[in-house]
Amino acid sequence: MGLFSERVRRIVKDIPRGETMSYAQVAALAGSPGAARAVGNIMKSNRDPEIPCHRVIRSDGTPGGYNQGSTEKVRKLKEEGVILSQAKIIRR
DNA sequence: CGTATGACGTGCA
DNA sequence: GTGCACGCCATAC
C-alpha cells in the first residue's frame, strides 16, 4: 500500500471513542488536503477491526458510507455517545 | 503511462 | 432542504 494510506489508518486508529473526524480532516492530517475521496476508498478496503472507521463521517455531518451499512454506523456512534440531530452528527 | 473507480466536498439550480 | 454536476486524489488495472 502507499504511504498515504498508512498515515490515514494511523490517524483513524487514534480517533478517541465518542469523537468523529471528517474524511477531509483525515486527508489533511495525512498530508494530502483534498484527498477526502481517497480516504473513503481506503476505509472501504479496510478490514482491520482495530481501526474505528465508523468515526469518520462526511463534513456536512451526514454519516457517509460503511461496509456494514450506514444504519449500523450510526448505531455504533450513538452507542459511543456521539450526538445526532435529524440524522446529522453534531460536533462539539 | 492512460483510464477507471469511489464510505468525498462544494457550489448552484 | 434536495439533487446534481464537477472537481479532486490515491489506487487498482
Side-chain angles (χ1 to χ4, degrees):
Chain A
M1 316 296 279
L3 172 64
F4 179 70
S5 58
E6 290 186 18
R7 300 185 70 181
V8 167
R9 283 190 286 271
R10 172 59 182 279
I11 292 167
V12 174
K13 188 174 295 189
D14 288 340
I15 301 177
R17 180 184 170 81
E19 288 192 31
T20 61
M21 247 185 230
S22 72
Y23 293 92
Q25 285 175 12
V26 174
L29 284 187
S32 295
R37 206 165 182 179
V39 170
N41 286 335
I42 295 168
M43 294 298 98
K44 177 173 185 172
S45 56
N46 177 64
R47 296 290 183 289
D48 186 352
E50 288 282 281
I51 298 176
C53 46
H54 62 281
R55 297 183 186 142
V56 183
I57 66 177
R58 279 189 169 241
S59 37
D60 64 0
T62 52
Y66 195 56
N67 285 331
Q68 306 164 48
S70 58
T71 308
E72 180 62 8
K73 184 170 184 175
V74 171
R75 192 194 67 68
K76 275 175 164 274
L77 288 172
K78 282 169 57 178
E79 190 266 331
E80 290 187 3
V82 172
I83 316 288
L84 289 237
S85 176
Q86 305 301 101
K88 303 256 175 155
I89 290 138
I90 311 297
R91 303 251 274 115
R92 184 168 332 166

Practice task
With sequence neighbours left out, write down each residue that passes side chain to side chain donor-acceptor pair (under 3.5 Å) with Arg17(A), or none if nothing qualifies.
Solution key: Glu79(A)
Exercise for the section: Could you list the residues that satisfy side chain to side chain donor-acceptor pair (under 3.5 Å) with Arg7(A), not counting sequence neighbours? Expected result: none
Handout entry: Pairs involving residues 31-41 of chain A, ordered by first then second residue, that meet salt bridge (charged side-chain N to carboxylate O under 4.0 Å, His left out) (sequence neighbours left out)
Key = none
Practice task
Kindly say whether Pro63(A) contributes a backbone atom to a donor-acceptor pair with the side chain of Lys73(A) at under 3.5 angstrom?
Solution key: yes
Practice task
Under 4.5 Å between side-chain heavy atoms, chaining through other members, with only Ile, Leu, Val, Met, Phe, Trp and Tyr counted: pull out the rest of the cluster around Leu77(A), sorted by chain and number.
Solution key: Ile57(A), Val74(A), Val82(A), Leu84(A), Ile89(A)
Table of protein N/O atoms under 3.5 Å from nucleotides 8-10 of chain C N/O atoms:
from, atom 1, to, atom 2, distance (Å)
dC8(C), N3, Arg37(A), NH1, 3.4
dA10(C), OP1, Ser32(A), OG, 3.3

Exercise for the section: Sequence neighbours left out, what passes side chain to side chain donor-acceptor pair (under 3.5 Å) with Asp14(A)? Give chain and number order. Expected result: Arg10(A)
Problem - Ile15(A): hydrophobic cluster co-members (side-chain, 4.5 Å) - result: Phe4(A), Val8(A), Ile11(A), Val12(A), Met21(A), Tyr23(A), Val26(A), Leu29(A), Val39(A), Ile42(A), Met43(A), Ile51(A), Val56(A)
Practice task
Go through DNA chain B in 5' to 3' direction and return only the first and the last nucleotide with some atom under 4.0 Å of chain A's heavy atoms.
Solution key: dG6(B) to dT10(B)
Practice task
Could you pull out all residues at least two apart from Gln68(A) that satisfy side chain to side chain contact (heavy atoms under 4.5 Å, CB included)?
Solution key: Tyr66(A), Glu72(A)
Problem - Within residues 45-63 of chain A or reaching into it, pairs that qualify as salt bridge (charged side-chain N to carboxylate O under 4.0 Å, His left out) - sequence neighbours excluded - result: Arg55(A)-Glu80(A)
Problem - Leu3(A): hydrophobic cluster co-members (side-chain, 4.5 Å) - result: none
Practice task
Output the residues of residues 62-79 of chain A in contact with DNA chain B, where contact means a heavy atom of the residue under 4.0 Å from an atom of the strand; sort by number or write none.
Solution key: Gly65(A), Tyr66(A), Asn67(A), Lys73(A)
